[in-house]
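Notes to accompany the following structure.
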Amino acid sequence: MKQIPELFGSMVFNDQVMQERLPAEIYQALMRTVENGRSLNLAVANEVANAMKEWAIEKGATHFTHWFQPMTGITAEKHDSFISPVPGGKVMMEFSGKELIKGESDASSFPSGGLRATFEARGYTAWDATSYAFIKDGTLCIPTAFCSYGGEALDKKTPLLRSMEVLNKQALRVLRLFGNEDVTLVRTTVGPEQEYFLIDKAMYDRRKDLINSGRTLFGARPSKGQELDDHYYGAIKDRVAAYMRDLDEELWKLGVLSKTEHNEGAPSQHEMAPIFTTANIAADHNQLTMELMKKVAARHNLVCLLHEKPFAGVNGSGKHNNWSLQTNTGVNLLEPGDTPYENAQFLLFLCAVIKAVDEYADMLRVSIASAGNDHRLGAAEAPPAVVSIFLGDELTAILESLESDRAYAAAETVQMRVGVHTLPKFPKDTTDRNRTSPFAFTGNKFEFRMLGSSQPVSEPNVVLNTAVAASLDEFATELEQAEDFNAALGALIRRVVKDHKRIIFNGNGYDDAWLAEAQRRGLENLPTTADCLPCYVRQKNIDLFKKYGVYSEAEMRSRYEIYLQNYAKVLHIEAHTMVSMTRKDILPAALRYGKELAETIVAKRAALPGVSCATTEEALLTRVNDLTDQLAQELDALVVSLDVADRPDWNALGRAEHYRDEVIPAMDALRDTADGLEVLVAKDLWPLPSYGDILFSVR
Ligand code: ADP
Ligand code: MG
């Protein structure tokens with residue numbers, strides 16, 4: 001293996017490569033585009049494209065692609081080779097500025113929620129110069145945004161870039177108020193911690209449910225699960241360690257700052273955390289990470305499961321979105337400072353987040369909603385479906401003393417007059433309760449913990465960025481007009497704390513008492529995706545995104561449709577897979593076992609006339625028989641509910657609600673019975689690897 005510093009970023013057309021390979025004036029023109037969003041002229045683009053092509057060919061690339069992130073949740077690419085014919089039947093390798101900047105895409109089969117009528121099936125992809133091009137599998141990948149010809153976003157990147165711009169603008173206004181003139185750019189930073197399961201491929205291949213839906217739809221609890229907590233941070237098995245080394249190497253080549261790896265709570269569960277970077281790049285890198293996690297697993301005869309809940313009764317997988325704001329002068333705006341001036345500024349940004357999360361809790365909830373994540377949220381392993389903020393007792397006490405304009409008791413030194421005195425040093429709160437919070441302040445950043453493991457990080461960050469930008473906008477407008485800045489600032493912070501402190505909760509989020517308390521506080525509890533999706537098109541939310549140009553109303557309505565349809569599609573696949581597995585595998589196994597028992601009973605009784613015998617078999621047969629009948633009935637019920645779901649006259653919300661209210665309970669009932677049979681039926685007749693087989697398959 002090459003030395004890591006040499007390996008790192010070796011497949012990325014990064015800043016260093018650009019400085020080396022581009023003429024100085026071209027490099028500077030490109031940087032103006034990257035940093036100030038200036039549009040790039042074609043002459044510059046041609047030079048950049050040519051340098052990229054030369055570099056890529058040296059690295060063995062033959063093709064290029066516009067790499068984009070449609071509403072499917074994964075990435076898309078369509079490869080074109082560099083070849084271009086020249087007289088004499090030969091070819092030369094070409095890549096023009098035009099091809100770099102813009103691509104046409106017949107994208108009619110990507111979800112658009114009605115935005116792109118089929119007669120206008122073409123979309124286009126546009127180069128995002130803020131994220132480096134890279135080489136993957138011999139193909140030069142150009143990160144791009146994906147839009148319709150009307151300019152509507154059809155992807156996850158475009159709104160993220162828009163939201164970062166909006167936040168930058170409003171954050172700069174606030175910084176100016178504090179006399180900060182040297183900062184010219186504020187970036188959102190994100191570090192997403194990624195959980196995943198790793199299982200043996202042979203087990204996976206025998207489970208149609210894992211293949212079709214990424215999770216087990218049947219499976220009785222194993223006799224050994226995670227009770228002993230012996231997996232969390234445990235020694236990493238050789239095979240897994242080899243996988244992680246291989247994965248790191250692939251990620252490093254692509255410039256992904258993979259940093260930390262450890263075993264997670266459940267058997268076969270692991271986590272990877274990268275070093276944080278700009279939100280846009282972090283989102284691209286997280287997509288690459290998920291893709292490579294799967295690909296590298298295949299090389300090791302393993303399968304990487306990114307589903308939020310691959311195994312019932314065993315911890316699911318999430319993603320922690322660590323989020324902060326950083327200036328181009330290197331200051332983290334959520335880092336409490338050493339001077340009164342920095343402290344006041346910190347408090348104002350903190351208040352902006354508190355207000356944003358309280359006012360747009362519903363949008364944050366929607367931004368992480370999926371059929372898969374519904375299995376995690378609210379179970380005692382993941383945050384509840386109610387959004388709240390953890391600040392820690394110390395910081396909460398400071399805010400309370402500010403609110404009541406009292407001196408903060410625990411600090412000997414100072415009265416808490418904003419802008420005048422220093423904040424007492426408060427320790428990072430690393431209590432367990434912090435881990436149960438959906439949105440925790442962890443010393444110098446917020447950690448949004450509700451994300452599902454398989455979802456891209458773009459959407460939650462779009463919501464966070466835009467909602468915080470709205471708070472900052474309001475603050476800046478108020479303070480810019482103030483005659484006495486310090487007094488106005490103090491009053492503003494007091495008011496925000498008073499109006500929004502209901503969202504702050506430092507207790508145990510897994511506790512049922514919290515749900516009752518949250519209700520008293522007027523915080524919404526939206527347990528399922530079907531429950532929360534309608535919030536997406538609430539007027540206040542449409543107004544927010546429209547106002548800042550992050551989404552148009554049409555974009556939001558189309559995304560709402562896509563999410564509803566997606567929820568129904570996922571459940572449709574799962575339910576149909578259950579039907580097929582029940583018919584083809586589970587029911588036949590139960591019938592066969594019943595037959596075996598019945599034959600044994602007859603044979604024993606014939607062999608031992610007059611002796612009371614085969615009572616064990618009889619009792620067992622009775623139970624198997626009852627459960628088999630029940631299974632058949634529940635199967636019929638599921639089929640009926642699916643027929644109803646397929647009726648053409650549903651609207652998207654109605655269908656989603658039907659899945660929630662009818663199909664899911666029918667799936668749960670069927671599963672319960674099948675799992676009951678699994679416990680009874682002989683192992684050699686049961687067609688599926690058990691939870692024990694799968695969870696302990698990697699040795
Ligand atoms: P833990 O959450 O386990 O205490 P760390 O605090 O080291 O671990 O960080 C967890 C994640 O948060 C890492 O991915 C890290 O890069 C990211 N992170 C740290 N600082 C920031 C920041 N300022 N902005 C965004 N992410 C950050
Ligand atoms: Mg963490």
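Keep in mind that what you see is a predicted model, and the values were worked out from it rather than measured. Remember, it's 1-based here, ligands and their atoms both numbered in the order they're listed.
Of the N or O atoms in Phe276, one or more lie within a sub-3.5 Å distance of an N or O in ligand 1. For a threshold of 3.5 Å applied to N or O pairs, the pair formed by Asn444 and ligand 1 contains no separation below that value. Remark: ligand 1 and Trp323 share no N or O pair separated by less than 3.5 Å (distance only, no angle test).
In this structure a side-chain-to-backbone donor-acceptor pair under 3.5 Å is present from Asp155 to Thr158.
Contacts with ligand 1 closer than 4.0 Å are made by no heavy atom of His320, backbone or side chain. Contact annotation for Asn332 and ligand 1: only side-chain heavy atoms (C-beta onward) come within less than 4.0 Å of the ligand. By the criterion of a heavy-atom distance under 4.0 Å, the side chain of Glu193, and not its backbone, is placed next to ligand 1.
Note that the NE2 atom of His285 and the CG atom of Leu292 stand 10.5 Å from one another [nearest 0.5 Å]. We find the NE2-CG distance between His270 and Leu247 to be 11.5 Å, quoted to the nearest 0.5 Å.
Every atom of ligand 1 is numbered from 1 in the order shown, and the set under 4.0 Å from a heavy atom of Glu447 is 2 (O). Within ligand 1, counting atoms from 1 as listed, the ones closer than 4.0 Å to a heavy atom of Ser324 are 22 (C), 23 (N), 24 (N). Numbered from 1 in the order shown, with element, the atoms of ligand 1 that lie under 4.0 Å from a heavy atom of Ile275 read 16 (O). Each of the atoms 5 (P), 6 (O), 9 (O), 12 (O), 18 (N), 19 (C), 20 (N), 21 (C), 27 (C) of ligand 1 lies under 4.0 Å from some heavy atom of Lys445.
Contacts of Gln69 classified as side chain to side chain donor-acceptor pair (under 3.5 Å), with partners at least two apart in sequence or in another chain: Asp284.
Summarising the contacts of atom 14 (O) of ligand 1 with Pro274, Ala282, Gly443, the nearest heavy atom is found in Pro274.
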**Q.** Criterion side chain to side chain donor-acceptor pair (under 3.5 Å) on Asp374 and Thr529, from CA distance to verdict
**A.** CA-CA 7 Å; Asp374 284 356; Thr529 299; 2.8 Å; yes

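Residue contacts with ligand 1: Thr442 is excluded, as none of its non-hydrogen atoms falls under 4.0 Å.
Among all heavy-atom pairs drawn from Thr329 and Thr327, the shortest one is OG1-OG1, 2.7 Å.
The aromatic rings of Phe448 and Phe439 sit tilted, their planes meeting at an angle between 30° and 60°. Ring orientation note: the planes of Tyr551 and Phe545 are tilted relative to one another, at an angle of 30° to 60°.
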